[in-house]
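We count ligands from 1, going down the list as the structure has it; atoms in each ligand are counted the same way.
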Amino acid sequence: MYGLVNQGVKDLVLNKFGEETWQSICDEAGLKSDRFLRMKSYPDDVTYSLVGAASKVLELSPEDILIAFGRHWVLFTAQGGYGDLFDMAGDNLFDFLHQLDELHTRVKLNFPELRTPSFRCTDVKASSLRLEYHSHRDGLSALVVGLLHGLSDRFQTPLDVTHEVKREDTGTHDIFFVSLTEPPGGAK
Ligand code: 1DX
């Protein structure tokens, strides 16, 4: 994945736990350098090793690390130079989810080594939808849960997420049921 992703993990760890913890995680991951070029493509192993090492050092499950990272990613990228990309993709949660593939298409124009996941919305209702997550990568469904929470923070839209269908079952994608816990438009 692009170095931006590894940089996002680093940013999260530094903010929440500090320099020493970050160094332990790098040692545990066997990283030669903790400098990432954001616009350079790195082997996925680097990212998976960082998640594994963070899980070990922080004594949290890999899923918890992925959830925290997904949540952080939304802030990190929206405030870290990609604000326009987010603004273009919609001003509310459901619009944003509908436009995610376009957002990725836009990034891919400039960064062709991006291996973009695909997100499809189905069963769209006023306060719920199902989100299909198709990915080239394995083991990142907890990341999507975190991303959804990050978007919930961004749009101040409280939500529940259930991982309804696992990729093991479909062979191709995960399905998340996303429901708003407050009625849309603020009506009670
Ligand atoms: F709900 O399944 C909200 O490297 C969401 O593969 C989901 O293949 C926001 F310059 C610049 C660059 C760089 C900008 F090239 C990425 F470096 C992309 C910024 C998306 C913001 C996907 C990152 C593929 C890297 C997917 C989990 C894992 C998508 C990560 C989150 C907004 C992004 O992101 C998978 C890669 C950006 C950039 C966003 C992603 C790669 C997402 C979201 N993805 C690189």
Exercise. Does Leu114 offer a backbone N or O that forms a donor-acceptor pair with the side chain of Lys108 under 3.5 Å?
Worked result: yes
For this session: Specify whether Phe76 and His72 have parallel, tilted or perpendicular ring planes, treating 30° as the upper limit for parallel and 60° as the lower limit for perpendicular.
Result: parallel
For this session: Give the residue, atom name and distance (to 0.1 Å) of the protein heavy atom nearest atom 16 (C) of ligand 1.
Result: Leu4 CD2, 3.8 Å
Problem set entry | Protein residue, atom and distance nearest to atom 29 (C) of ligand 1, heavy-atom basis | His104 NE2, 3.2 Å
Exercise. Can you tell me which residue and heavy atom of the protein come closest to atom 30 (C) of ligand 1, and the distance to 0.1 Å?
Worked result: Leu143 CD2, 4.5 Å
Exercise. Looking only at distance, does Glu113 have an N or O less than 3.5 Å from an N or O of ligand 1?
Worked result: no
Problem set entry | atom 26 (C) of ligand 1 [closest protein heavy-atom partner, distance rounded to 0.1 Å] | Pro117 CG, 3.8 Å
Problem set entry | Nitrogen or oxygen atoms of Arg38 and ligand 1 under 3.5 Å apart | no
Problem set entry | Salt bridge Asp174-Lys166, side-chain N to carboxylate O under 4.0 Å | no
Exercise. Where does Asn110 meet ligand 1, judged by heavy-atom distances below 4.0 Å: at the side chain, the backbone, both, or neither?
Worked result: neither
Exercise. Is ligand 1 less than 4.0 angstrom away from at least one heavy atom of Leu140?
Worked result: yes
Exercise. Side chain, backbone, both or neither: which part of Thr116 has a heavy atom under 4.0 Å from ligand 1?
Worked result: neither
Exercise. Which option out of Phe36, Trp73, Phe111, Tyr82 puts a heavy atom nearest to atom 39 (C) of ligand 1?
Worked result: Trp73
Exercise. How close does the nearest protein non-hydrogen atom get to atom 6 (O) of ligand 1, and which residue and atom is it?
Worked result: Arg137 NH1, 2.6 Å
For this session: Go through ligand 1 atom by atom and flag the ones less than 4.0 Å from a non-hydrogen atom of Met39.
Result: 10 (F), 17 (F)
Problem set entry | Parallel, tilted or perpendicular: ring planes of Trp22 versus Phe36, cut at 30 and 60 degrees | perpendicular
Exercise. Aromatic ring centroids of His173 and Tyr133 under 6.0 Å?
Worked result: no
Exercise. Counting both backbone and side chain atoms, is some N or O of Tyr2 under 3.5 Å from an N or O of ligand 1?
Worked result: yes
Exercise. Do Tyr42 and Tyr2 make the cut of ring centroids closer than 6.0 angstrom?
Worked result: no
For this session: Can you sort out which atoms of ligand 1 are near Ser135, meaning under 4.0 Å from one of its heavy atoms?
Result: 2 (O), 6 (O), 35 (C)
Problem set entry | Residue of the set Leu31, Val51, Leu50 for which side-chain contact (heavy atoms from CB on, under 4.5 Å) holds with Ile25 | Leu50
Problem set entry | Between Glu102 and His104, a side-chain donor and acceptor under 3.5 Å | no
For this session: Go through Lys56 and Asp27 one step at a time and tell me if the salt bridge (Lys or Arg N to Asp or Glu O under 4.0 Å) criterion holds.
Result: CA-CA 11 Å; Lys56 218 166 165 189; Asp27 292 346; over 6 Å; no
Exercise. Is His136 near ligand 1, meaning one of its heavy atoms is under 4.0 Å from it?
Worked result: no
Exercise. Do Asp11 and Arg38 sit within salt-bridge range, that is, some charged N less than 4.0 Å from a carboxylate O?
Worked result: no
Exercise. Of all the non-hydrogen atoms in the protein, which one sits nearest to atom 3 (C) of ligand 1, and at what distance?
Worked result: Phe96 CE2, 3.7 Å
For this session: Only one of Thr172, Val165, Thr170, Thr122 passes side-chain contact (heavy atoms from CB on, under 4.5 Å) with Glu132; say which it is.
Result: Thr122
Exercise. Between Asp160 and Thr181, is any side-chain donor less than 3.5 angstrom from a side-chain acceptor?
Worked result: no
For this session: Check ligand 1 against Arg115 and write out every atom of the ligand that is under 4.0 Å from a heavy-atom position of the residue.
Result: 6 (O), 8 (O), 24 (C), 36 (C)
Exercise. Should you measure from each heavy atom of Met1, which atoms of ligand 1 turn up under 4.0 Å away?
Worked result: 4 (O), 36 (C)
For this session: Kindly indicate whether atom 35 (C) of ligand 1 is approached by any protein heavy atom to under 4.0 angstrom.
Result: yes
Exercise. Among protein heavy atoms, which lies nearest atom 41 (C) of ligand 1, and at what distance?
Worked result: Leu114 CD1, 3.5 Å
Problem set entry | The one among Val5, Thr77, Val144 that brings a heavy atom closest to atom 23 (C) of ligand 1 | Val5
For this session: Provide the number and element of each atom of ligand 1 under 4.0 Å from a heavy atom of Leu103.
Result: 20 (C), 32 (C), 39 (C)
Exercise. Just which atoms of ligand 1 are under 4.0 Å from any heavy atom in Tyr133?
Worked result: 2 (O), 28 (C), 35 (C)
Problem set entry | Ring centres under 6.0 angstrom apart (Phe86, Phe96) | yes
Exercise. Which residue owns the protein heavy atom closest to atom 5 (C) of ligand 1, what's the atom, and how far is it?
Worked result: Leu100 CD2, 3.7 Å
Exercise. Quick one: do Asp101 and Arg120 make a salt bridge, cutoff under 4.0 Å?
Worked result: no
